[in-house]
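What follows is one structure encoded as structure tokens, with my remarks underneath.
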Amino acid sequence: QVQLVESGGGLVQAGDSLRLSCAASGRTFSSYGVGWFRQAPGKEREFVAGISSSGRTTYYADSVKGRSTISRDSAKNTVYLQMNSLKSADTAVYYCAADAEGRGTSLLYRYDIWGQGTQVTVSS
């Protein structure tokens, strides 16, 4: 069974950058697509970015497109989310999730393994 642990969140100022990490245990992780989602207080969980099992296909929400990059390092069993030009609207708990079908799309229901989340707070 794959388990996910997020890290890299914190308190930053608007315009700063952060790199979130999603470290996975389990030898089958390379076959999973991975998505990053976020949830702000009082709001529904929303898709941020996703990457296929091969790493060749990536997806981004319009809200982060052009200032975020998702990548994966198979040797380290880790997926990264680099976020630049952070805004106060990016404040949320960020979760990574694994998609057993390997696609990494924006469809939340496809993800059946979730991490515990990491808080990102952007002050203006």
Decide whether [X] and [Y] are clustered together by the hydrophobic rule: side chain heavy atoms of Ile, Leu, Val, Met, Phe, Trp, Tyr closer than 4.5 Å, transitively.
X: V93; Y: V12; value: no
X: V48; Y: Y59; value: no
X: L20; Y: F29; value: yes

Look up atom [atom1] in [X] and atom [atom2] in [Y], then write down how far apart they are to the nearest 0.5 Å.
X: S53; Y: R72; atom1: OG; atom2: CZ; answer: 6.5 Å
X: D62; Y: K65; atom1: CG; atom2: NZ; answer: 4.5 Å
X: M83; Y: I70; atom1: CE; atom2: CD1; answer: 11.0 Å
X: S25; Y: Q3; atom1: OG; atom2: CD; answer: 4.5 Å
X: Q13; Y: S124; atom1: CD; atom2: OG; answer: 9.5 Å

Give the C-alpha distance, both sets of side-chain angles, the deciding distance and a yes or no for side chain to side chain donor-acceptor pair (under 3.5 Å) between N84 and S17.
CA-CA 4 Å; N84 303 320; S17 298; 3.0 Å; yes
Taking the six-membered ring of Y80, is the NZ or CZ of R19 close enough (under 6.0 Å from the centre) and on axis enough (within 45°)?
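Positive - R19 is close enough to the ring of Y80 and near enough to its axis.
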Cation over ring face, R38 and Y95, 6.0 Å, 45°
no
Determine the minimum heavy-atom distance between [X] and [Y], stating which atoms define it.
X: A24; Y: L4; result: CB-CD2, 3.7 Å
X: L81; Y: S68; result: CD1-CB, 4.4 Å
X: T91; Y: A40; result: O-CB, 3.7 Å
X: R110; Y: E101; result: NH1-OE1, 2.7 Å
X: T28; Y: S31; result: O-OG, 2.7 Å
X: G104; Y: Y111; result: C-OH, 3.0 Å

Taking R67 first and then D90, would you say they form a salt bridge - that is, a charged N and a carboxylate O separated by under 4.0 Å?
yes
Could you walk me through whether F47 and T105 satisfy the side-chain contact (heavy atoms from CB on, under 4.5 Å) test, starting with their C-alpha distance in whole Å, then the side-chain angles of each, then the deciding distance to 0.1 Å, before giving a yes or no?
CA-CA 9 Å; F47 173 78; T105 67; over 6 Å; no
Side-chain (S52) to main-chain (T57) donor-acceptor, under 3.5 angstrom
yes
Any donor and acceptor pair, going by atom type alone, linking the side chain of S21 with main-chain N or O of A23 inside 3.5 Å?
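A pair under 3.5 Å: no.
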Checking D99 against V34 for the side-chain contact (heavy atoms from CB on, under 4.5 Å) test, could you report, in this order, the C-alpha distance in whole Å, the side-chain angles of both residues, the deciding distance, and whether it holds?
CA-CA 6 Å; D99 163 20; V34 176; over 6 Å; no
Mind checking whether W114 and F37 have ring centres under 6.0 Å apart?
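That pair passes the under 6.0 Å test.
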Would V122 and D16 count as a side-chain contact (heavy atoms from CB on, under 4.5 Å) here? Give the steps.
CA-CA 8 Å; V122 183; D16 285 351; over 6 Å; no
Got more than 12 heavy atoms from elsewhere within 6.0 Å of CD, Q116?
yes
Kindly determine whether I51 and W36 satisfy side-chain contact (heavy atoms from CB on, under 4.5 Å), including the steps that lead there.
CA-CA 9 Å; I51 189 165; W36 282 97; over 6 Å; no
